[in-house]
Amino acid sequence: VSPSVEASITFSDLTDHLGRMALLNDFAVTITSALDPEQIAQRLFALLQRSFGTERITMVILSPDGNGLQNFSNREGTIVIQSMSMDDISGTSLMGKGDVHRVDSIVDEAGYFPTYPGSHSALIIPMKYHKQLIGTLGLESVEDGAFTIYDEHLLMVIASHLAGLLENGRLRREAESRARN
């Protein structure tokens, strides 16, 4: 019995690993062809929803001057974009740290306020480009302890690539604007 149990555990682990690699491949193929942050958010949210089984996804992008941000969230299948100043945000302390933040039980976590009502666990990953924080990528779930260390690592890789994509898009838009002027 022991060898078949070990084989099924190994098979399960390999299946999970291949699923994560397929997500990264899908990310590379579909996200990198998007041009603006809204297109990126739509494609990214669809991939993350399929892979993590949650519609509770948030992407926050800081403005280049650091005084404002754009908050992308999923509301009933539609991407909602809110522009805010840093003074209006209660969760900027979490963003200001620029650290990975995995919450297994939001009820027990002081100082974390979920984006979506009824969320019980969360995973917040900073998006950094050349060690500069440009935003965060977050997932929430109605289940306690929904996110594992493997989910954290996978989302860190995605957030790293996403940061580069967003920053390159911003630089491209600035160059196009200067060329038009």
Side-chain angles (χ1 to χ4, degrees), residues 19-52 54-75 77-102 112-116 122-140 147 149-181:
R20 289 190 291 274
M21 294 301 107
L23 173 64
L24 289 176
N25 186 48
D26 288 348
F27 175 80
V29 170
T30 59
I31 302 294
T32 55
S33 62
L35 297 175
D36 66 2
E38 188 173 354
Q39 283 180 333
I40 291 170
Q42 288 175 339
R43 294 175 184 184
L44 175 70
F45 283 27
L47 283 172
L48 294 179
Q49 179 180 345
R50 187 180 77 220
S51 299
F52 290 96
T54 183
E55 293 181 354
R56 297 167 180 250
I57 304 165
T58 305
M59 180 174 71
V60 178
I61 303 172
L62 289 169
S63 64
D65 62 7
N67 292 327
L69 55 84
Q70 282 187 308
N71 184 18
F72 296 79
S73 58
N74 188 0
R75 302 290 182 200
T78 303
I79 304 297
V80 176
I81 306 167
Q82 295 174 304
S83 295
M84 299 178 248
S85 74
M86 292 300 271
D87 299 332
D88 298 335
I89 308 300
S90 61
T92 53
S93 60
L94 183 66
M95 188 162 199
K97 293 177 187 174
D99 295 330
V100 173
H101 195 74
R102 186 164 33 118
Y112 180 78
F113 303 101
T115 303
Y116 297 92
L123 178 59
I124 311 298
I125 305 292
M127 293 187 298
K128 294 182 179 181
Y129 184 75
H130 293 296
K131 298 183 182 181
Q132 179 72 29
L133 182 69
I134 66 160
T136 61
L137 183 59
L139 301 174
E140 292 181 3
F147 305 108
I149 190 74
Y150 299 113
D151 296 334
E152 184 178 314
H153 290 236
L154 178 61
L155 209 57
M156 286 172 65
V157 171
I158 291 171
S160 173
H161 290 291
L162 186 59
L165 182 65
L166 289 167
E167 188 63 15
N168 287 334
R170 184 187 67 77
L171 293 171
R172 181 187 45 75
R173 286 188 300 278
E174 284 178 4
E176 287 172 352
S177 175
R178 282 194 302 272
R180 277 192 302 272
N181 291 336

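With a 4.5 Å cut-off on side-chain heavy atoms, L139 and F147 count as touching. The shortest side-chain heavy-atom distance between I158 and L48 falls under the 4.5 Å cut-off. Here the side chains of Q70 and V60 are not in contact, with every heavy-atom distance at 4.5 Å or above.
Using a 4.0 Å cut-off between a side-chain N of Lys or Arg and a carboxylate O of Asp or Glu, R173 and E176 do not qualify as a salt bridge.
When all heavy atoms are compared, the tightest approach of A122 to E140 is CB-CG, 3.9 Å. Across all their heavy atoms, Y116 and S73 have their closest contact at OH-CB, 3.4 Å. Of all heavy-atom pairs between P126 and A159, the closest is O-CB, 3.7 Å. Considering every non-hydrogen atom in both Q49 and I57, the closest pair reads N-CD1, 3.7 Å. I124 approaches G138 most closely through the heavy-atom pair CD1-CA, 3.8 Å. Here the closest heavy-atom approach between residue L162 and residue M59 is recorded as CD2-SD, 3.8 Å.
To the nearest 0.5 Å, atoms CE (M84) and OG (S63) are separated by 12.0 Å.
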Problem set entry | Candidate pair L165 and Y129, rule side-chain contact (heavy atoms from CB on, under 4.5 Å), full reasoning | CA-CA 9 Å; L165 182 65; Y129 184 75; over 6 Å; no
For this session: Starting from the C-alpha separation in whole Å, work towards a yes-or-no answer on side-chain contact (heavy atoms from CB on, under 4.5 Å) for K128 and I134.
Result: CA-CA 6 Å; K128 294 182 179 181; I134 66 160; over 6 Å; no
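Side-chain atoms of N71 never come within 3.5 Å of backbone atoms of Q82 as a donor-acceptor pair (strictly under, hydrogens ignored). Checking side-chain atoms of S160 against main-chain N and O of M156 turns up no donor-acceptor pair under 3.5 Å.
A side-chain contact (heavy atoms from CB on, under 4.5 Å) with F72 is found for one member of V80, T58, I61 and no other, namely I61.
Q132 CD: 12 or fewer foreign heavy atoms inside a 6.0 Å radius.
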